[in-house]
Amino acid sequence: MPELPEVESTRRHLAPVLEGKRIVAVSVRRDRMVRHHERPGDFADRLTGRSVRSLGRVGKMLRASLDGDLTWVVHLGMSGRMAIHRSEDPEAPHTNVVVRLDDGTEVRMVDPRTFGFTAVLTPEEMRTGVGSGWGPDALDDLPSARRLADALEGRAAPIKALLLDQRLVAGLGNIYADEVLFRARIRPGRAGGSLTTDEVGRLRAAVRPVLEAGLRHGGTSLGDLAYLLPDGRAGNYLRRLRVYGRAGERCRRCGGTVERSVIRSRSAFWCRGCQR
DNA sequence: AACGATCCCTGTTGGC
DNA sequence: TGCCAACAGGGATCGT
């Protein structure tokens, strides 16, 4: 599942491939992948012929800055990946969007479950449309403990749910939210507003090390639809996870048993001995 | 406004 | 062994 470290790994692979190149052809094989357009045809029309200035990222969203003040946004959803190929290479199953560059390279969006999406947006659409309501990036722009405490004050929702809410902080998904809470020693079901000043500080301090550890290992490749880097390799952070996906297994820190509960119809993994 | 539930989608898994 | 229901989950949307 691509979360911030996986998306950032993807960005680092793709940036040298895309930057300075011109897009010469665009093919959409699954219409559902193109979203947030009033007219879906605008996607290919706007993208074709543009040059890529730079490739950035906010939260889990890739943002390619194009000439003509347009932005090509890509969200990988839960099963998406970007693949880099020569145009003559065979296509993987579920290749849903293909973008050909002027040097013969193809960037292919592969996504079996099509929870991902892509769009080309004007500056006005960037201000008001998808992603405009998302909060600061969890890695590059993490709010201070003070600001986090203010945001959490009075909140009854479980802290796990608040970490997944991209409006507060953008980039955490189910895996890294659980890993951050384990590192901060806070139970996922705790009401956001119940965290002490010290706990908010620990939470804030846990975000960067957890995300950077994921990034160092190329992200987490897990389960039936493993996330793959654009060169086809798997990330290997999976075996370093402390709690996520480890229900019934021994806690690496205290030796207790990792538990699984359901919060907001999503799995939460945590250790009763380590987290309060 | 805050919170929770529902939906989208499909490969894999688990139960019978 | 074979079949099918359940499961996984990011984010939009809707109801309370």
Side-chain angles (χ1 to χ4, degrees), chain A residues 1-8 10 28-38 40 57-63 73-82 92-97 109-119 121 125-126 128-135 137-138 150-181 188-195 211 214 219-228 234-235 238 241 243-248 260-269:
Chain A
M1 283 131 246
E3 302 179 28
L4 189 152
E6 291 77 27
V7 177
E8 177 60 17
T10 296
V28 176
R29 283 79 184 282
R30 287 214 44 183
D31 292 342
R32 187 180 131 81
M33 297 300 292
V34 173
R35 278 175 249 176
H36 309 289
H37 278 273
E38 281 181 34
R57 178 194 58 76
V58 174
K60 304 172 199 171
M61 191 156 72
L62 292 168
R63 298 178 168 183
V73 301
V74 172
H75 195 295
L76 298 174
M78 73 167 286
S79 63
R81 62 189 172 93
M82 302 296 277
H94 308 295
T95 298
N96 298 334
V97 177
M109 196 172 173
V110 181
D111 187 357
R113 289 182 196 170
T114 65
F115 279 23
F117 61 83
T118 187
L121 304 178
E125 290 164 344
M126 287 296 288
T128 59
V130 58
S132 62
W134 294 357
D137 186 75
D150 287 347
L152 294 177
E153 190 183 350
R155 299 295 297 266
I159 185 62
K160 168 73 182 284
L162 295 173
L163 288 181
L164 292 178
D165 185 341
Q166 305 297 300
R167 292 172 297 187
L168 184 61
V169 170
L172 295 175
N174 213 29
I175 297 174
Y176 291 96
D178 280 357
E179 295 297 310
V180 164
L181 286 167
R190 289 271 304 283
S194 77
L195 269 58
L211 293 177
T220 305
S221 295
L222 168 67
D224 51 333
L225 296 169
Y227 162 78
L228 298 176
L238 175 61
L241 295 176
V243 283
Y244 187 85
R246 300 189 66 245
R260 173 185 181 272
S261 38
V262 175
I263 295 174
R264 289 279 230 282
S265 32
R266 214 134 282 170
S267 298
F269 299 92

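An OP1 or OP2 oxygen of C/dG9 is reached within less than 4.0 angstrom by a side-chain nitrogen or oxygen of A/Ser267. Between A/His94 and the phosphate of B/dC9, there is no side-chain N or O to OP1/OP2 separation shorter than 4.0 Å. Distances shown here put a side-chain N or O of A/Arg260 below 4.0 Å from the OP1 or OP2 atom of C/dA8.
With rounding to whole Å, A/Phe115 atom CZ is found 5 Å from B/dC8 atom C1'. A/Arg113 has its CZ atom 6 Å from the C1' atom of C/dA8, to the nearest Å. When rounded to the nearest whole Å, the span between CE of A/Met61 and C1' of C/dG10 equals 13 Å.
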Given protein heavy atoms under 4.0 Å, the one-letter contact record of nucleotides 11-16 of chain C, with B base, S sugar-phosphate only and - none, is simply BS----

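To the nearest 0.5 Å, atom CZ of residue A/Phe269 and atom CZ of residue A/Arg260 are 5.5 Å apart. Taking OG1 of A/Thr118 as the reference point, atom CE of A/Met109 lies at 5.5 Å (rounded to 0.5 Å).
Within residues 154-162 of chain A, the residues approached by DNA chain B to less than 4.0 Å at the level of any non-hydrogen atom are A/Arg155, A/Ala156, A/Ala157, A/Pro158, in residue-number order.
Residues forming a salt bridge (charged side-chain N to carboxylate O under 4.0 Å, His left out) with A/Lys160 (at least two apart in sequence, or on another chain): A/Asp178.
The side-chain heavy atoms of A/Arg190 and A/Leu181, taken from C-beta on, include no pair separated by under 4.5 Å. Residues A/Thr10 and A/Arg57 have side chains not in contact (no heavy-atom distance under 4.5 Å, counting atoms from C-beta outward).
Among the heavy atoms of the strands lying under 4.0 Å from A/Arg30 are primed sugar atoms or P, OP1, OP2 only; no base atom is included.
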